[in-house]
Amino acid sequence: MYKIGLIPGDGIGPEVTREAMKVFGAAAAQEGIKYETVEYDVGGDRYLETGEVLPDSVLEELRGLDAIYLGAIGHPDVKPGILEKGILLKVRFELDLYINLRPVKLYPGVPTPLKDKGPEDIDFIIVRENTEGLYSGIGGFLKRGTRDEVAIQEMINTYKGVERCVRYAYELTRKRNKTNTLTSCDKANVLTYAHDLWRRVFDEVGEDYPDIKREYAIVDATTMWMVKNPEWFDVIVTCNMFGDIITDLGAMIQGGMGVAASGNLNPESVAMFEPIHGSAPRYTGKNQINPIAAVGAAGMMLEHLGHSDAAAKVEKSISDLLASGKIKDLGAGRMGYTTEEVGDLIAQGL
Ligand code: IPM
Ligand code: MN
């Protein structure tokens, strides 16, 4: 019996979470997977009412779960940064969810802005380091607010942090068995300390994977190739900041935020799944937002829990629906169906 925590969150978060869990539940029933859910009321509304962002008691409970599902975080009346740092980044760091897994897959029937590229060209996975780099929060100000001000934000790379991240990426590349190519996306030519360590560890761990071909792509060139030759990529492993940036580019080439899903994983313990998109406050309660990314994240949750067959069914149902051409446009309010109806279609398609 799995225990799954739900953080529906802000804006359209609850709507997409409902559809994601509808499909999760339908797939679980077919496969005989037993689970219970616990809902946590965290997000902008709670913060505005009580001043609490993520209470320690909730954080402690999250540690004991099998998986967490997050809808979206972000509230128009809350200063940017408070909820992102206080909820999303805090869970990632405190639960040591050191992998952020972001598949970039163009489903048949989905338009991509890349000219002359199709589903056979756009199918790779980005493994983003999720607990270090420029996100570690180490730094500070000197003489803040004066003309002599100094601001420092450190890029932290630890041997352990890089090692476990790249090892995960090698394992994933092997398991995926597509072209057996792992690309390190870094800036080793300029960040000659932080990414020197990154590259050395990438190569060192690579010695344990003689069957995996190593490629190197400097981050700026990576963005160029993701547009020009996305078919070159199989699995990309990268640091936290670069991963943040290139996965938004990845989301766009796979058809946009309506389809991009992700998982924050600690392969040894709990994991948190979420669509990449935000809380889209202006669509709140309208039943117009596209839930496909959210449903995709629920599929990733099944995979993480060890139910590859159920995960494959969810992915196939999404893929079939998109290929059918029923959904006119992936954008909110333009689908030709409500949020709920899209959830129903995917659940039926299982
Ligand atoms: C993401 C988001 C977050 C990040 C923000 C909301 C803190 O952009 O998940 O990519 O920067 O990691
Ligand atoms: Mn981002």
Side-chain angles (χ1 to χ4, degrees), residues 12 15-16 19-20 22-24 27 71-72 100-126 128 176 178-179 222-223 225-236 245-263 273-278 280 283 287-303 311-350:
I12 50 76
E15 288 163 64
V16 297
E19 300 317 309
K22 179 195 284 173
V23 176
F24 183 93
N100 194 324
L101 196 61
R102 299 189 159 181
V104 180
K105 183 181 166 97
L106 178 69
Y107 287 105
V110 174
T112 173
L114 300 189
K115 186 166 166 276
D116 300 333
K117 298 291 175 189
E120 61 294 349
D121 303 306
I122 302 171
D123 181 10
F124 59 97
I125 302 190
I126 299 175
R128 167 186 177 189
R176 194 168 137 85
K178 195 184 172 214
T179 65
T222 305
T223 63
W225 289 327
M226 278 175 69
V227 171
K228 201 170 169 287
N229 302 96
E231 67 279 5
W232 286 356
F233 297 114
D234 179 359
V235 179
I236 297 177
I245 299 167
I246 68 170
T247 54
D248 267 28
L249 175 58
M252 283 303 120
I253 66 172
Q254 72 179 119
M257 288 297 176
V259 282
S262 75
F273 298 85
E274 48 167 336
I276 297 189
H277 65 64
Y283 289 103
N287 205 11
Q288 287 183 350
I289 199 86
N290 179 349
I292 293 178
V295 174
M300 291 177 74
M301 183 155 79
L302 283 163
E303 176 79 45
K313 276 190 178 180
V314 172
E315 182 162 331
K316 180 160 191 312
S317 184
I318 291 176
S319 180
D320 288 348
L321 175 63
L322 290 166
S324 74
K326 280 187 186 157
I327 298 184
K328 292 206 259 325
D329 185 314
L330 294 177
R334 298 194 298 269
M335 296 188 293
Y337 291 92
T338 64
T339 305
E340 211 181 332
E341 285 167 344
V342 174
D344 288 339
L345 286 169
I346 302 172
Q348 284 154 17
L350 294 173

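Counting from 1, the numbers follow the sequence of the chain as shown.
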query = If every non-hydrogen atom of A20 is compared with every non-hydrogen atom of A294, which pair is closest and at what distance?
reply = CB-O, 3.4 Å

ask   = How about V342 and L321: do any of their side-chain heavy atoms sit closer than 4.5 Å?
value = yes

message = Less than 4.5 Å apart, side chain to side chain, heavy atoms only: is that true for D344 and K22?
response = yes

message = Counting only heavy atoms not in K326 (residues, nucleotides, ligands), do more than 12 fall under 6.0 Å from its NZ?
response = no

ask   = Heavy atoms, side chains only, cut-off 4.5 Å: are H277 and I12 in contact?
value = yes

message = Would you compute the distance between atom CG of L249 and atom CE of M226 and round it to the nearest 0.5 angstrom?
response = 4.0 Å

ask   = So how far is it from I122 CD1 to E231 CD, rounded to the nearest 0.5 Å?
value = 8.5 Å

message = So M300 and P103, do their side chains get closer than 4.5 Å, heavy atoms only?
response = yes

request  = Could you check if a side-chain atom of P230 sits within less than 4.5 angstrom of a side-chain atom of L114, using non-hydrogen atoms only?
outcome  = yes

inquiry  = Looking at E341 and T338, would you say the former's side chain and the latter's main chain have a donor-acceptor pair under 3.5 Å?
reply    = yes

query = About how many Å separate CD1 of I126 and CZ of F233, when rounded to the nearest 0.5 Å?
reply = 8.5 Å

task = Could you check if a side-chain atom of D248 sits within less than 4.5 angstrom of a side-chain atom of I276, using non-hydrogen atoms only?
result = yes

ask   = So do E315 and E303 actually touch side chain to side chain, heavy atoms under 4.5 Å?
value = no

Side chain to side chain donor-acceptor pair (under 3.5 Å) involving S324 - partner list, sequence neighbours excluded = none

message = Let me confirm one number: the CG-CD1 distance from L345 to I327, rounded to the nearest 0.5 Å.
response = 7.0 Å

key: Exercise: identify the closest heavy-atom pair between A261 and A293   = CB-O, 3.4 Å

query = How about K178 and D123: do any of their side-chain heavy atoms sit closer than 4.5 Å?
reply = yes

key: Nearest atoms (heavy-atom pairs only) where S262 meets A297   = O-CB, 4.1 Å

query = Which distance, rounded to the nearest 0.5 Å, do you find between the OG1 of T112 and the CD1 of I253?
reply = 6.0 Å

inquiry  = Would the distance check show the side chain of S317 and the main-chain N or O of I346 forming a donor-acceptor pair, the cut-off being under 3.5 Å?
reply    = yes

Partner of I292 by side-chain contact (heavy atoms from CB on, under 4.5 Å), out of V16, V23, V259, V110 = V259

note = Rounded to the nearest 0.5 angstrom, the OG1-CH2 distance for T222 and W232 is 11.0 Å

task = Output yes when a side-chain donor or acceptor of N290 lies under 3.5 Å from a complementary backbone atom of L330, and no otherwise.
result = yes

ask   = Name the one of R176, R102, K105 that satisfies side-chain contact (heavy atoms from CB on, under 4.5 Å) with I125?
value = R176

key: Exercise: identify the closest heavy-atom pair between P291 and G343   = CG-N, 4.3 Å

ask   = Between Q288 and A332, is there a donor-acceptor pair closer than 3.5 Å when you use the side chain of the first and the backbone of the second?
value = no

key: T179 to D234 - nearest heavy-atom pair and separation   = N-OD2, 3.0 Å

